[in-house]
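I have placed the structure first, in the form of structure tokens, so that the comments after it can refer back to it.
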Protein chains: 2
Amino acid sequence: MTAPRLLDVAAAAGVSRATASRVLAGTPRNVDPELARRVEDAARELGYRTNHSARALRTGTTGTVGVVVPSLANPYFVQLADAIAQQVRAAGGQLVVSDAANSVEIEAEQIETLLGGRVDGLVVVPVSATASGPAVRAAAKRAPVVLFDRWASGSGTVAVTLDNAAAMRLLLDHLDDLGRHRIALVAADQASSSGAERLAAFTAARGEDATTVLLPSFTTDAGRTAGRRIAERRAAIDAVVCGADVLAVGLVSTLQRSAVSVPGQIAVTGFDDTEILELLDPPITSIRHPLAAMAERALTLLQSTARDRAETVERFAPQLVVRASTDAAA
Amino acid sequence: MTAPRLLDVAAAAGVSRATASRVLAGTPRNVDPELARRVEDAARELGYRTNHSARALRTGTTGTVGVVVPSLANPYFVQLADAIAQQVRAAGGQLVVSDAANSVEIEAEQIETLLGGRVDGLVVVPVSATASGPAVRAAAKRAPVVLFDRWASGSGTVAVTLDNAAAMRLLLDHLDDLGRHRIALVAADQASSSGAERLAAFTAARGEDATTVLLPSFTTDAGRTAGRRIAERRAAIDAVVCGADVLAVGLVSTLQRSAVSVPGQIAVTGFDDTEILELLDPPITSIRHPLAAMAERALTLLQSTARDRAETVERFAPQLVVRASTDAAA
DNA sequence: AGAGTGTGGGAAATCGATCTCCCGAGGAGC
DNA sequence: GCTCCTCGGGAGATCGATTTCCCACACTCT
């Protein structure tokens with residue numbers, strides 16, 4: 001009762017292993033349709049499944065892609081990983097996801113494990129724009145690597161990201177249109193490229209002395225802290241742009257607790273358009289990433305073995321999703 | 001510049017491939033310490049990495065475990081998968097996670113993909129206590145399978161779960177101790193074993209005519225709906241037990257919006273102790289699963305090839321985590 | 001009819017690590 | 001001093017699919 005091998009299928013169909021392989025693996029080689037049918041029938045009858053280890057050994061590819069994200073506790077990264085998983089599966093592969101626990105060291109370990117393991121390529125959402133570079137660069141020598149959502153300097157690798165500057169402009173213009181001009185930014189994780197870019201874009205648009213609250217990490221708890229500070233200055237502010245949804249959720253709940261109405265007194269926006277936005281009343285305006293398109297592009301880049309591609313950053317267009325936290329009519 | 005093979009290491013160390021393999025793979029066979037050192041040095045120097053495809057082909061095991069969860073949109077399942085990932089990595093393996101999108105059909109597909117793929121064993125959190133059985137049973141013929149967190153009848157497989165009845169008792173006793181006796185249950189997904197068990201335990205304790213609100217799915221939105229219904233009956237109720245944290249979150253936010261104070265007028269408990277509990281004020285009392293211990297047990301079961309083990313359910317003891325949603329002093 | 005062209009399909013090498021023999025050397029026992 | 005045993009370690013088979021030759025046959029063209 002051992003599993004049937006290609007040899008068994010070939011024998012049952014009365015052909016050689018070579019022919020059976022050509023038929024089942026779909027090698028672009030002409031095979032007599034009659035033989036092909038016999039092989040397929042035999043395979044079906046025997047319940048044949050190709051042995052991936054053997055194929056991997058012979059072809060040198062595993063059909064598995066690895067992803068390293070900063071933290072799976074942030075639902076945005078879960079969504080992101082899911083978008084990549086969709087693409088990978090559509091291509092008949094598997095995805096292995098690792099969590100870097102927001103630590104550059106653990107990130108390096110995870111990258112190492114995945115590479116030492118059995119992946120054809122790696123998609124990395126780097127924890128830090130500076131400190132993640134070396135590990136990624138080292139990894140890129142051993143397998144194709146693409147950065148995703150964030151870049152890391154010194155990585156020597158392409159990055160597929162959102163156009164954060166454009167996103168910030170969308171948000172600010174939207175708030176301006178609503179007559180909100182005293183806008184504060186609540187930003188986190190300046191060490192990440194996305195955090196830094198969002199802050200930079202905000203500062204560029206509103207000037208150095210616009211109110212900003214900088215937090216260490218993209219967590220809801222940090223959003224709470226920000227909420228307290230914003231509540232104190234409620235008189236001077238009529239809108240808050242948050243650098244991440246998780247921040248916005250914490251912020252809104254804290255504001256409401258302080259009897260600040262949203263969007264009545266202060267409008268709030270998030271960033272990333274995760275599902276947790278629906279946790280609160282009101283639902284929160286946010287920026288949607290074109291994750292499917294980005295994931296597709298990332299996988300295309302992984303496959304094109306152009307490993308000498310320069311350290312470039314591709315930016316995808318964001319989309320503004322208006323909800324009641326900025327426009328009560330929405 | 002091709003990757004070094006075991007042969008190269010053996011040559012560099014002046015030994016045979018067999019010896020090099022014994023040293024590097026740690027086969028329990030005595031090897032001269034001097035030779036072992038030479039092999040290790042050579043391996044390090046050459047930057048040797050064992051080719052997992054070759055090893056997998058030869059040994060017939062891949063070192064990869066697959067997990068299928070009902071939905072990664074529910075943070076509890078993300079935590080659960082993470083707990084399993086920890087254990088698997090500790091054992092030097094990899095984890096592949098799949099999302100069944102709360103559908104029995106997609107679940108069957110994912111199981112099929114993982115098995116066809118390259119996993120040594122499968123951990124499944126079945127979507128349905130009845131409908132998931134056949135797919136699991138079929139899978140169990142091809143590879144070791146362990147159910148996790150929920151069981152499925154007809155699966156012919158062991159399940160490692162929480163003792164939901166005990167958990168419900170913990171919650172009800174806690175509420176009783178606080179003087180809350182008019183308790184309602186908000187439950188979801190009766191098709192899952194956990195949903196059904198929680199409802200059954202509640203009914204057993206409080207009687208058939210205790211207030212229950214049944215919802216189709218474990219989502220925050222469902223929690224909102226429940227919130228509206230509970231708010232209507234606020235006079236008759238002083239506590240609500242939710243069958244899942246995501247429900248509690250939606251419920252609390254809706255109650256508060258309806259000017260029902262928590263825990264003042266109505267105490268609320270969750271289930272699963274996920275991190276989103278901290279999203280709201282007040283933090284929500286919940287039940288913590290001993291996920292690490294459960295994951296460890298599940299992997300032990302996977303490894304013991306006792307595939308003829310009967311269809312049994314192992315239940316782990318829950319832990320009550322008291323927070324301000326029931327006891328404002330907490 | 002013979003040479004040239006093309007096409008389907010088989011035999012055997014190959015991927016790299018592991019594992020089963022089996023041999024040789026050194027030590028113990030009588 | 002000889003036999004037996006133990007233990008380290010090497011040669012080669014093996015896992016199963018892919019892929020590279022290369023042969024054989026059929027058909028066309030001169």
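Chain naming here is simple, since letters A, B, ... match the order of the sequence lines and numbering starts at 1 in each.
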Just call it for B:Thr19: base, sugar-phosphate, or nothing, with non-hydrogen atoms closer than 4.0 Å on any strand.
sugar-phosphate
Where the side chain of B:Arg58 is defined as all heavy atoms beyond and including C-beta, which of D:dT18, C:dG9, C:dA17 is the nearest nucleotide?
C:dA17
Within the 4.5 Å heavy-atom criterion, are A:Phe316 and A:Leu291 side-chain neighbours or not?
no
B:Ala20 near the nucleic acid: base, sugar-phosphate alone, or nothing, with a heavy-atom cut-off under 4.0 Å?
nothing
Sidechain N-carboxylate O distance under 4.0 Å for A:Glu40, A:Arg44
no
Nearest heavy atom decides the nucleotide; on that basis, is A:Arg5 or B:Ser16 closer to the 5' end of DNA chain D?
B:Ser16
Between the base of C:dT18 and the side chain of B:Arg22, is there a donor-acceptor distance below 3.5 Å?
no
Spacing between A:Arg49 atom CZ and D:dA17 atom P, to the nearest angstrom
13 Å
Tell me which nucleotide among C:dA11, C:dG16, D:dG10 gets nearest to the side chain of B:Leu57.
C:dG16
Nearest-Å distance, CZ (A:Arg37) to P (C:dG8)?
18 Å
Is B:Thr61 reaching over with its side chain to a backbone N or O of B:Ala56, donor-acceptor style, under 3.5 angstrom?
no
Picking from D:dG12, D:dG10, C:dC19, the nucleotide nearest the side-chain atoms of B:Arg17 would be D:dG12
Atom-to-atom span, CG of A:Leu46 to P of D:dG16 - whole angstrom:
14 Å
Where the side chain of B:Asp32 is defined as all heavy atoms beyond and including C-beta, which of C:dA11, D:dG8, D:dG16 is the nearest nucleotide?
D:dG8
Of the candidates D:dA17, C:dT18, C:dG9, the side chain of A:Ala54 sits closest to D:dA17
In whole angstroms, the gap separating C1' of C:dA17 from NE2 of B:His52 amounts to 11 Å
Just the rounded figure in Å: distance from P of C:dA12 to CG of A:Leu7.
14 Å
Quick check for you: among C:dG8, D:dT18, C:dA17, whose closest atom lies nearest to any side-chain atom of B:Tyr48?
C:dA17
Look at B:Arg55 and C:dT18 and indicate whether a side-chain polar atom (N or O) is within less than 4.0 Å of OP1 or OP2.
yes
For A:Leu35 and C:dG10, what is the distance between atoms CG and P respectively, to the nearest whole Å?
7 Å
Would you please test A:Ile111 and A:Leu114 for side chain to side chain contact (heavy atoms under 4.5 Å, CB included) and show each step?
CA-CA 5 Å; A:Ile111 290 176; A:Leu114 286 175; 6.0 Å; no
For A:Ala56, report the nucleic acid contact type (base, sugar-phosphate, nothing); a contact means any heavy atom under 4.0 Å.
nothing
Give one of base, sugar-phosphate or nothing for A:Leu24, where a contact means two heavy atoms less than 4.0 Å apart.
nothing
Quick one: pull up CG in B:Asp8 and CD in B:Glu45 and give me the separation to the nearest 0.5 Å.
13.0 Å
